[in-house]
Amino acid sequence: MIRQALISGGGIGGLAAALACTRAGWEVRLFEQAARFSEVGAGIQLGPNVTRVLQDWDLAGALAEVAAFPDRLQVRHAVSGQALGVLPLGAAMLQRYGAPYATVHRADLHQLLLAQVRERTDATLNLNYCLARFTQTGDAVTVQGRVQSGEEISKKPPAWGPQIEGDALIGADGLWSPVRQWLLADGPPRVTGHLAYRALLPQSRLPEQLRSQHVTAWLGPRLHVVQYPVRGGEWLNVVGIVQGRLDAASSADLDNWDHATNAQALRAALAGTCAPLQDLVNAIDTWRLWVLCDRPPLQGAQQQAQGRVALLGDAAHPMRPYLAQGAGMAIEDAAELGRALGQALDPALDVPTMLARYALNRWQRNAQVQARAIRNGQIFHADGLVSWGRDAALKLLGERLLDL
Ligand code: FAD
């Protein structure tokens, strides 16, 4: 008997889940509210824990075509410019973990997963389909969504589509997940008080001395900046994260996490930092702004899966970006989901048991990574004595401290 998974959301998590479920022998119907599959223009770092999964899915070659593989991560003090520590990546990571450390444009990673789903699976992908009604019984889960025609923007809400039944529902619908609200009713995510300014540009547009093929993290009081190459090293991704809040008018639009912004506030926050860092930021004209939100970790496996419904990616564990593992955890979730659903041939296992196993094997790992991301942010943004201790420890312990 072939079972059917319904997936809410076609971001990196939803597409990874579609791949994993089809590889496990399930039929997949995926629903994405947007009119087309896309990702925002920003970079993403993928540790060997994630590239190993992509290797298992035969995506190593496709990743190599679009990613960069920096040879080291260097940490510098944002104010003094002093080098604080270096972690070898490149060959060192490959040798140690059997998988590389990659940096990639989010749209390229998303596209790579989408191409794999389209070309190598029978998954049905539905665009303009915003799931909003959910019910489950002992035998099935049913969803219903509003379907935008895609042709004209009407003032009326889009019409309801038909009810669709499946054996399992995977909520991969991100930070504001409607599936999560149906399951947990725990309200909106929390505003962290941190703002991310990001830029992505061809390195050829920068003066030679500002181009870079390494990951560099600049740590300063209440801020840090990370830069790394993507697209085979031809483009540079820069993210500056500063502690601060937007005014009420701008924060009304929180769920649009991709604001155009001028760089005045970032430049003001970086006043007093070293010249190379200011030169980099001043050389870039176009910045986008994310208001960073997260949620506290789930309290147990029963919150990540209930009956025939499971949460995956940011829907389950939206986290601060200080460990660069949010999408990584979504991809790890998908791999574990595939393992759990692959047990479908065992007649003793029903769908709720498979999803409960998935959740049991994931929730603590996700909670730990969420907690470590918060701790990392505190270390990155340390001031005064604490930052002195951090810098001394980085110099003393070097890569042992950096190897997260
Ligand atoms: P999303 O990307 O949010 O996808 C959810 C999808 O669901 C969207 O396409 C949405 O349109 C759709 N959807 C929502 N509601 C509905 C509905 N009702 N019906 C149908 N569709 C719906 N992670 C890393 O691994 N490495 C990094 O270096 C890294 N850097 C980061 C830097 C910053 C500044 C930030 C903010 C995040 C970073 N992350 C990083 C985290 C990463 O971006 C996210 O964790 C990841 O993109 C989450 O993917 P997702 O598919 O779970 O959710």
Side-chain angles (χ1 to χ4, degrees), residues 6-18 29-40 42-47 49-51 53 101-107 109-110 113-114 125-134 143-148 158 161 169-182 189 192 194-200 215 217 224-226 228 230 237-242 255-258 288-294 311-334 366 369-370 373 377:
L6 311 176
I7 298 177
S8 176
I12 289 167
L15 291 174
R29 295 178 78 175
L30 181 146
F31 303 90
E32 166 56 48
Q33 66 181 358
R36 60 189 181 92
F37 287 105
S38 68
E39 255 292 352
V40 295
I44 217 162
Q45 303 182 66
L46 300 175
N49 59 315
V50 188
T51 54
V53 176
Y101 195 99
T103 51
V104 63
H105 191 310
R106 292 166 71 101
L109 175 64
H110 187 261
L113 291 167
L114 180 62
L125 305 178
N126 303 279
L127 289 167
N128 283 317
Y129 214 116
C130 180
L131 294 187
R133 288 179 178 162
F134 313 93
V143 300
Q144 194 177 16
R146 290 195 181 271
V147 190
Q148 187 94 43
L169 169 64
I170 310 304
D173 37 15
L175 181 65
W176 302 87
S177 166
V179 175
R180 180 182 179 121
Q181 287 317 302
W182 170 51
T192 62
H194 296 196
L195 305 173
Y197 294 84
R198 59 182 178 74
L200 189 67
V215 181
H224 80 282
V225 178
V226 181
Y228 51 82
V230 297
N237 180 70
V238 185
V239 185
I241 298 188
V242 300
D255 54 349
N256 171 14
W257 61 335
D258 191 25
R288 313 282 302 177
L289 174 63
W290 285 345
V291 179
L292 296 184
C293 299
D294 72 351
L311 301 175
L312 180 146
D314 276 10
H317 42 72
M319 60 185 72
R320 299 183 193 189
Y322 307 123
L323 209 54
Q325 281 288 351
M329 290 305 101
I331 291 172
E332 277 195 10
D333 280 352
N366 291 325
V369 172
Q370 277 173 291

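For ligands, and for the atoms within them, numbers begin at 1 and follow the listed sequence.
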field: Heavy-atom donor-acceptor pair, S8 side chain to D173 backbone, under 3.5 Å
entry: no
message: Can you tell me how far apart CD (Q325) and CD (Q370) are? Round to the nearest 0.5 Å.
response: 12.0 Å
field: Euclidean distance, D294 CG relative to D314 CG, rounded to 0.5 Å
entry: 10.0 Å
- request: State whether the side chain of Q144 and the backbone N or O of G161 hold a donor-acceptor pair below 3.5 Å, judged by distance alone.
  value: yes
- prompt: Which ligand 1 atoms, with their elements, are less than 4.0 angstrom from a heavy-atom of G174?
  reply: 3 (O), 5 (C), 53 (O)
- prompt: Short question: side chain of D333, backbone of G313 - any donor-acceptor pair under 3.5 Å?
  reply: yes
task: Tell me which part of Y129 gets within contact of ligand 1: side chain, backbone, both or neither, using heavy atoms under 4.0 Å.
output: backbone
task: Examine the proximity of ligand 1 to P321 and report which part, side chain or backbone, both or neither, has a heavy atom under 4.0 Å away.
output: side chain
- request: Can you label the angle between the H224 ring and the Y322 ring as parallel, tilted or perpendicular, going by 30° and 60°?
  value: perpendicular
- prompt: What do we get for V50 next to ligand 1 when only non-hydrogen atoms under 4.0 Å count, side chain, backbone, both or neither?
  reply: neither
- prompt: Using heavy atoms and a threshold below 4.0 Å, how should the contact between P318 and ligand 1 be classified: side chain, backbone, both, or neither?
  reply: neither
- prompt: Given that the side chain starts at C-beta and the backbone is N, CA, C, O, which of these parts of A34 lies under 4.0 Å from ligand 1, counting heavy atoms, or is it both or neither?
  reply: neither
message: When you measure from the heavy atoms of P178 to every atom of ligand 1, does any distance fall below 4.0 Å?
response: yes
query: What atoms of ligand 1 come within less than 4.0 Å of a heavy atom belonging to I12?
result: 51 (O)
query: Under a 4.0 Å heavy-atom limit, does Q325 contact ligand 1 with its side chain, its backbone, both, or neither?
result: backbone
field: Nearest-0.5 Å distance that lies between atom CZ in R29 and atom CG in N126
entry: 6.5 Å
